[in-house]
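Some notes on the structure that comes next.
Whatever order the structure lists ligands and atoms in, that order sets their numbers, starting from 1. This structure is a prediction, so every number in the text was calculated from the model and none was measured.
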Amino acid sequence: MQAHNGMYIDGEWRPAASDGTIEVVNPATEEIIGTVPAGTAEDVDAAVRAARAALPGWAATPPADRAARIGALHDALAARRETIAATVTAELGAPVSFARAVHADLPVTVAGTYARLAAEHPFEEELGTSRVLHEPVGVVGAVTPWNYPLHQIVAKVAPALAAGCTVVLKPAEDTPLVARLFAEAVAEAGLPAGTFNLVTGLGPVAGQALVEHAGVDMVSFTGSTAVGRRVGAIVGGAVKRVALELGGKSANVLLPGADLVKAVKIGVGNVMANSGQTCSAWTRMLVHADVYDEAVEIAAAAAAKYAPGDPTDPATRLGPVVNAGQRERVTGYIRTGVEEGATLVAGGPEAPEGVERGYYVRPTVLAGVTPEMTVAREEIFGPVLSVMRYEDTEEAVRIANDSEYGLAGAVWAADDEEAVAFARRLETGQVDINGGRFNPLAPFGGYKRSGVGRELGPHGLAEYLQTKSLQL
Ligand code: NAD
């Protein structure tokens, strides 16, 4: 049991302003594994002041020197790989093999990309008679969710620091321990005091105080569309920049001629990864009527291989969901799906057999899902796949785009060109073509209600810059 009482503000761990705490629960054992301080508006204010004081010095630091500090941050994170993986396994329930490969290694990779981009980015350009300067936006308030807790922190903090901004982070209440490890890595990397500050706390208290703070120049938020809408209204109302990375209901389109077995198996794996708690998960699988029954059979068999288990066992592929509320939400969606006429071909709303504790949900496949059903429209955020039927390509495009979201997606076809032609018609921010791999430099973000702005790579860095033109 780790009992923490500090906030990382102005380069040191300081006692929180009030004595409220947040309990961190292991979703596999239901045991309390730690506590962190529940920050208040007073803590947020101290952190924003520290970030403001550090801003002029950091903004004026040559990009190569900023790059060197971010490089040191990369090294400090890489050195903590095992601790990061074990921490995310404990507070999120992610299977440890997945936690190492994704929750630990991905943010290390992303930090590495920003160590390079900080040095290489063209912060000045000549345009006719103008010199255009790309300057830091200022103090950034970052609010992050629990599902990829370190990745989402690094995807905001690293580009903001690379741009010359300073940051106050309010991480999710379910996963604050890995955020503390991040702050320790920042301290070890020798970033100047105040460039990065951490305030743990509840969303409606500490998160809200950060979003509303007059000393914050930009807010970057990742989380639910419901909260993102409110954050956008507050920050937009103050005429400040806002970046929103929100929910998704992405389509995985299998065109006739695609390698059916491969596409279905990878599609199922995509949904089951991280217990389905991935904003970009391909939760709607669209299959041509001619091969629909075959695809459903393959999907059901593939899902059954994701037996829920102890996330500390390296062989486990499916851990619990993050908390009891999330389990209720996900199983509620499975029930709604069946009530509205979908067919359960794998899993279901009951607890998995032999599981006595932990917030586990059975890997579930719903077939016969039609576009108006709740399970085709709303983000479930659990290990639940909806398989949908289409008759021709036009209908496939229509169904894929019939969503208020547009974050990610996949297209499988006989060849890449056919898949690319189809992907051009999709209203979504990212599409993987015939199993194209995740690229940490590719811009990531949503069309429609999935958000505003892009993260990762040079596009993610540009979000934290504002332009000034000098006419010579
Ligand atoms: P959430 O919106 O409840 O919480 C996200 C963060 O916002 C947390 O840190 C929370 O404390 C904070 N928050 C809550 N209320 C707030 C308020 N009033 N003011 C300021 N901050 C507040 O979301 P969640 O349940 O933590 O995360 C799951 C959701 O996040 C899913 O819908 C998922 O799709 C989405 N998500 C999106 C992306 C993306 O990149 N698009 C990535 C991960 C998660």
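Closest to atom 15 (N) of ligand 1 among all protein heavy atoms lies Val227 CG1, 3.6 Å. When only non-hydrogen protein atoms are considered, atom 11 (O) of ligand 1 lies nearest to Glu173 OE1, 2.5 Å. Remark: minimum distance from atom 2 (O) of ligand 1 to any protein heavy atom is reached at Ser224 OG, 2.6 Å. For atom 32 (O) of ligand 1, the closest non-hydrogen atom of the protein is Glu379 OE1, 2.6 Å. The closest protein non-hydrogen atom to atom 39 (C) of ligand 1 is Cys279 SG, 3.2 Å. Protein heavy atom closest to atom 40 (O) of ligand 1, with residue, atom name and distance, is Glu245 CB, 3.2 Å. Distance from atom 28 (C) of ligand 1 to its nearest protein heavy atom, with residue and atom name: Phe381 CE2, 3.6 Å. Here the protein heavy atom with the shortest distance to atom 9 (O) of ligand 1 is Thr144 O, 2.7 Å.
Only side-chain heavy atoms of Val143 come within less than 4.0 Å of ligand 1; its backbone N, CA, C and O stay farther off. Using a 4.0 Å cut-off between heavy atoms, Glu455 makes no contact with ligand 1 at all. If you look at Pro171 next to ligand 1, the close heavy atoms, those under 4.0 Å, all belong to the backbone. At a heavy-atom distance under 4.0 Å, no atom of Tyr148 approaches ligand 1. The proximity of Leu246 to ligand 1, defined as any non-hydrogen pair under 4.0 Å, is limited to the backbone.
When atom types are taken as modelled, the side chain of Arg80 and the backbone of Ala104 share no donor-acceptor pair closer than 3.5 angstrom. Listed for the Asn401 side chain is no donor-acceptor partner under 3.5 Å among the backbone atoms of Arg398. With Lys249 contributing its side chain and Glu379 its backbone, the two residues share no donor-acceptor pair below 3.5 Å.
No donor-acceptor contact under 3.5 angstrom links the side chains of Thr428 and Lys448, judged on distance only. Donor-acceptor pairing under 3.5 Å is recorded for the side chains of Thr370 and Glu372. Defined by atom type and a distance below 3.5 Å, a donor-acceptor pair is missing between the side-chain atoms of Asp432 and Trp282.
Taking every non-hydrogen atom of Arg230 and a distance limit under 4.0 Å, the qualifying atoms of ligand 1 come out as 18 (N). Counting atoms of ligand 1 from 1 in the listed order, those under 4.0 Å from a heavy atom of Gly247 are 34 (O). Remark: ligand 1 atoms within the under-4.0 Å shell around heavy atoms of Gln152 are 42 (C), 43 (C), 44 (C). The ligand atoms of ligand 1 that sit less than 4.0 angstrom from a heavy atom of Phe444 are 40 (O). Close approach of ligand 1 to Phe221 is summarised as follows: ligand atoms under 4.0 Å from at least one heavy atom of the residue are 2 (O), 6 (C), 7 (O). Less than 4.0 angstrom separates some heavy atom of Leu407 from each of these atoms of ligand 1: 41 (N). Per-residue contacts place Pro145 under 4.0 angstrom from the following atoms of ligand 1 (heavy atoms of the residue considered): 26 (O), 27 (O), 43 (C), 44 (C). Near Asn147, with a cut-off below 4.0 Å to any heavy atom, the atoms of ligand 1 are 43 (C), 44 (C).
Among residue pairs with one or both ends in residues 171-186, those qualifying as side chain to side chain donor-acceptor pair (under 3.5 Å) are His4-Arg180, Lys170-Glu173, Asp174-Asn323; sequence neighbours excluded.
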Verdict with supporting geometry, Arg241 and Asp217, salt bridge (Lys or Arg N to Asp or Glu O under 4.0 Å): CA-CA 7 Å; Arg241 194 177 300 187; Asp217 299 300; over 6 Å; no
Chi angles and distances behind the side chain to side chain contact (heavy atoms under 4.5 Å, CB included) call for Trp58, Arg69: CA-CA 11 Å; Trp58 185 246; Arg69 287 298 116 226; 4.0 Å; yes
Stepwise salt bridge (Lys or Arg N to Asp or Glu O under 4.0 Å) test for Glu82 and Arg100: CA-CA 7 Å; Glu82 282 305 313; Arg100 283 196 191 101; 2.9 Å; yes
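Side-chain contact check for Phe444 versus Arg454: every heavy-atom pair is 4.5 Å or farther apart. Proximity of Glu31 to Val25: side-chain heavy atoms (C-beta onward) are nowhere separated by under 4.5 Å.
Of the N or O atoms in Trp146, one or more lie within a sub-3.5 Å distance of an N or O in ligand 1. Considering backbone and side-chain atoms alike, Gln208 places an N or O below 3.5 Å from some N or O of ligand 1. Between Val231 and ligand 1, no pair of N/O atoms sits closer than 3.5 Å.
Remark: Arg449 fails to qualify as a cation-pi partner of Tyr405 under the 6.0 Å distance and 45° angle criteria applied to the six-membered ring.
The shell of residues lying under 4.0 angstrom from ligand 1, judged by heavy atoms, excludes Gly446. In this structure, Gly228 does not count as a contact residue of ligand 1, since none of its heavy atoms falls inside 4.0 Å of the ligand.
Between atom CG of residue Leu441 and atom CG of residue Leu117 there is a gap of 6.5 Å, rounded to the nearest 0.5 Å.
Just one residue in the list Phe182, Phe98, Trp146 forms a ring-ring contact (aromatic ring centres under 6.0 Å, His included) with His103, and that residue is Phe98.
Distances from atom 4 (O) of ligand 1 to the protein include no heavy-atom value under 4.0 Å.
In summary, Arg284 and Asp402 do not engage in a salt bridge, as defined by a charged side-chain N under 4.0 Å from a carboxylate O.
Taking each of Gly223, Ala408, Gly451 in turn, the one with a heavy atom nearest to atom 30 (O) of ligand 1 proves to be Gly223.
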